[in-house]
*Asks:* 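Take this structure first; my questions come after.
Source: prediction; values computed, not measured. We're numbering straight along the sequence, starting at 1.
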Amino acid sequence: MEDLQRALSKRGLTVSTLPDKGRCLFSTRDFYPGDVILSEEPYVCVPNKASPIARCDWCFSTSNLKKCSACHVVWYCGNTCQKSDWKLHRLECGSLSKLDKDRQKSLTPSIRLMVRLYLRRKLQNEKIIPITATDNYKLVETLVSHISDIDEKQLVLYAQMANLVSLILQWPDVNFKEIAENFSKLACNAHTICDSELRPIGTGLYPATSIINHSCLPNAVLIFEGRLAKVRAVQHIPKGGEVLISYIETAGSTMTRQKALKEQYFFSCICPRCAKVGTTDDIQESAILEGYRCKDNSCNGFLLRDSGDRGSMCQQCQLIRDKEEINKIASEVKLFSEKASKLIYSEYKTEASDTYRVIEKLQRQLCHPFSIHLMRTRETLIKILMEIQDWKEALVYCRLTIPVYQRVYPGFHPLLGLQHYTCGKLEWLLGETDSAIKSLTRAVEILRITHGTDTPFMKELLMKLEEAHAEASYKRSSQKELEDNW
């Protein structure tokens, strides 16, 4: 721990332990929006198995991939990545090569991550892989497992997974209890590695980053550049301030967020946003985000259950909405949602888009305009419409999501920046250059804080904005020339 403290102190950070929160990461200097607070390589990581595209096991690239000729499990994009991973994969490869095809099919990312965890510990103990203050197994040992909070069903699953890890490793002195506890640690501490557009691509264990606590109003954000984790400030963090990121999707009611945190991380959040639970403002926000709308389309009021059990009453105009009417529309939404899921699974994208349009129309009758459920349906529609290249319709729904994103996410949230980026790309495709410049500019304002400016993704965004400005300038010049000639 002393070595870690010394390493963190060079970055303007320190670890403190508080009675009600455990370990916390505090700043020993000021950090400003966009500043990199912490940068960390994973102790171990693996790409997602469920991804439709294979990825390099080292850098997560999808280009020029070749499968390991010995184990037929691991992929690399070239010699550089293969050599970088060879010390660890040499042992892993030997173990995986001995598995039959049925065993290989049961190799989930979690199993592979655990196997690599033990192999890396072995290599560090044998001094084949160097140990540093921020890269050693002792940091894994200090992670909280919450093993005593886990139900019996989950414990049995971890025991079965530990048995599979033992079969792969084939070590005589495997500690099954320790492996099961480490699976519990992974569940609470491993991070989903995402690409620049926040699409999940893998899982990694970042012990130093895991020290950072959660807030539903975070002052920092975790973004990945390939396998490298970077924590950037999105607010001014004064000297002595705690660094906080969000563990969960924060676009939801307090009850929804608390439920998600309790189920996966075994704690209740006490951030300023969650401290409002049960207050009038919190009840109103929950009703807007996850409840129903007034039956008068000209009213933007939200509904709460009527004390007489007649239905729900609009808190703005006092109109009662009959519960049978609400249940009827909700049932229709459920029916069409099941149909849409089957269509997507069967790759009938045009038919799926038509069905989601019906769902969106029904939800507009049922849900508040700022409803999370309505927003999610529109997100799905945008994705499908872009896949079938219906750019015009995709832009319509993308524009409808922006006000909701602005309400549910803080100003410098990467998802808000990415939605502006999507809007800008669609506007540019459709020749709406001036609108595209506005959207892309807003995207840059947010994403330069959350992503920095040096990644290929950000360079592409900045280039698009530059090209849009050049196109707008050319159009204005051409128009002026026409007017002068006229």
Side-chain angles (χ1 to χ4, degrees), residues 41-62 65-78 81-124 129 137 140 145 150 153-195 199-206 224 226-227 264:
E41 289 282 350
Y43 188 74
V44 282
C45 66
V46 290
N48 283 347
K49 189 178 181 180
S51 175
I53 307 168
R55 290 185 178 274
C56 173
D57 261 63
W58 182 260
C59 73
F60 292 91
S61 167
T62 57
L65 295 179
K66 287 185 179 179
K67 191 179 279 189
C68 174
S69 58
C71 68
H72 302 288
V73 173
V74 175
W75 296 79
Y76 294 109
C77 64
C81 285
Q82 188 175 20
K83 286 177 182 176
S84 298
D85 199 35
W86 179 240
K87 286 179 182 178
L88 182 56
H89 183 59
R90 182 177 61 83
L91 291 185
E92 180 189 36
C93 189
S95 298
L96 299 182
S97 300
K98 295 172 186 174
L99 298 177
D100 58 40
K101 288 184 179 179
D102 289 336
R103 290 279 187 210
Q104 284 196 0
K105 286 178 183 176
S106 62
L107 276 176
T108 63
S110 295
I111 296 293
R112 277 203 61 212
L113 200 66
M114 188 60 68
V115 169
R116 290 174 75 87
L117 180 80
Y118 277 90
L119 292 175
R120 188 173 178 83
R121 183 181 74 172
K122 173 182 168 66
L123 290 167
Q124 286 191 325
I129 292 179
Y137 187 77
V140 178
S145 69
I150 292 167
K153 186 179 176 182
Q154 192 64 41
L155 284 172
V156 170
L157 178 61
Y158 285 159
Q160 291 169 343
M161 292 165 73
N163 185 54
L164 182 52
V165 170
S166 174
L167 285 170
I168 294 168
L169 291 173
Q170 293 289 304
W171 292 351
D173 55 347
V174 168
N175 185 332
F176 286 91
K177 186 178 178 182
E178 182 191 68
I179 297 175
E181 186 168 353
N182 276 337
F183 271 120
S184 188
K185 286 182 180 182
L186 289 183
C188 301
N189 294 281
H191 288 89
T192 300
I193 299 170
C194 297
D195 66 10
R199 295 172 296 210
I201 59 173
T203 306
L205 186 61
Y206 298 82
F224 294 89
R227 56 189 268 131
Q264 184 168 356

*Asks:* To the nearest 0.5 Å, what is the distance between CG (L99) and NZ (K105)?
*Replies:* 13.5 Å
*Asks:* Is there side-chain contact between V174 and Y118, with at least one heavy-atom pair below 4.5 Å?
*Replies:* no
*Asks:* Look up atom CG in L205 and atom CD1 in I193, then write down how far apart they are to the nearest 0.5 Å.
*Replies:* 10.0 Å
*Asks:* Counting only N and O atoms by type, is there a donor-acceptor contact under 3.5 Å from the side chain of S184 to the main-chain atoms of S145?
*Replies:* yes
*Asks:* Quick one: closest heavy-atom pair of G204 and C45, and the distance?
*Replies:* CA-CB, 3.8 Å
*Asks:* Starting at CD1 of I201, measure out to CZ of R227 and round the result to the nearest 0.5 Å.
*Replies:* 11.5 Å
*Asks:* For residues 69-76, run the donor-acceptor check on the side chains, cut-off 3.5 Å, and write out each pair with its distance to 0.1 Å, sequence neighbours left out.
*Replies:*
residue, atom, partner, partner atom, Å
H72, NE2, S69, O, 3.1
Y76, OH, D85, OD2, 2.6

*Asks:* Less than 4.5 Å apart, any side-chain heavy atom of Y137 and any of K122?
*Replies:* no
*Asks:* Checking Y206 now: which residues fulfil ring-ring contact (aromatic ring centres under 6.0 Å, His included) with it, not counting sequence neighbours?
*Replies:* F224
*Asks:* Looking at every non-hydrogen atom in both residues, tell me the closest pair between H191 and N189 and how far apart they are.
*Replies:* ND1-O, 3.4 Å
*Asks:* Could you go through L169 and L119, starting from their C-alpha distance and side-chain angles, then the distance that decides it, and tell me whether this counts as side chain to side chain contact (heavy atoms under 4.5 Å, CB included)?
*Replies:* CA-CA 8 Å; L169 291 173; L119 292 175; 3.9 Å; yes
*Asks:* Under the side-chain hydrogen bond (donor to acceptor under 3.5 Å, both in side chains) test, which residues partner K98, sequence neighbours left out?
*Replies:* none
*Asks:* Flag the pair V115 / L96 as yes when at least one side-chain heavy-atom distance between them is below 4.5 Å, and no otherwise.
*Replies:* no
*Asks:* Looking at every heavy atom in both S95 and I168, which two are closest together, and how far apart are they?
*Replies:* CB-O, 3.3 Å
*Asks:* List for me each residue that meets side-chain hydrogen bond (donor to acceptor under 3.5 Å, both in side chains) alongside D57, sequence neighbours excluded, and say none if there are none.
*Replies:* R112
*Asks:* Please name the pair of heavy atoms, one in A190 and one in T203, separated by the smallest distance, quoted to 0.1 Å.
*Replies:* CB-CG2, 3.9 Å
*Asks:* Tell me, please, which residues at least two apart from Q104 pass side-chain hydrogen bond (donor to acceptor under 3.5 Å, both in side chains).
*Replies:* none
*Asks:* I'd like to check L123 versus R120 (side-chain heavy atoms, cut-off strictly below 4.5 Å). Are they in contact?
*Replies:* no
*Asks:* Side-chain contact, heavy-atom cut-off 4.5 Å: L113 with F183?
*Replies:* no
*Asks:* On a heavy-atom basis, which atom in C93 and which in S97 lie closest, and how many Å separate them?
*Replies:* O-OG, 2.6 Å
*Asks:* I'd like to know if the side chain of N182 reaches the main chain of K185, judged simply by a donor and an acceptor atom lying under 3.5 Å from each other, with no hydrogens or angles considered.
*Replies:* no
*Asks:* Side chain to side chain donor-acceptor pair (under 3.5 Å): which pairs involve residues 159-170, sequence neighbours left out?
*Replies:* none
*Asks:* Could you tell me if the side chain of I179 sits less than 4.5 Å from the side chain of M161, heavy atoms only?
*Replies:* no
*Asks:* Could you tell me which non-hydrogen atom of A187 sits nearest to which non-hydrogen atom of Y158, and how far apart they are?
*Replies:* CB-OH, 3.4 Å
*Asks:* Measure the CG-OG distance between L186 and S110 for me, rounded to the nearest 0.5 Å.
*Replies:* 7.0 Å
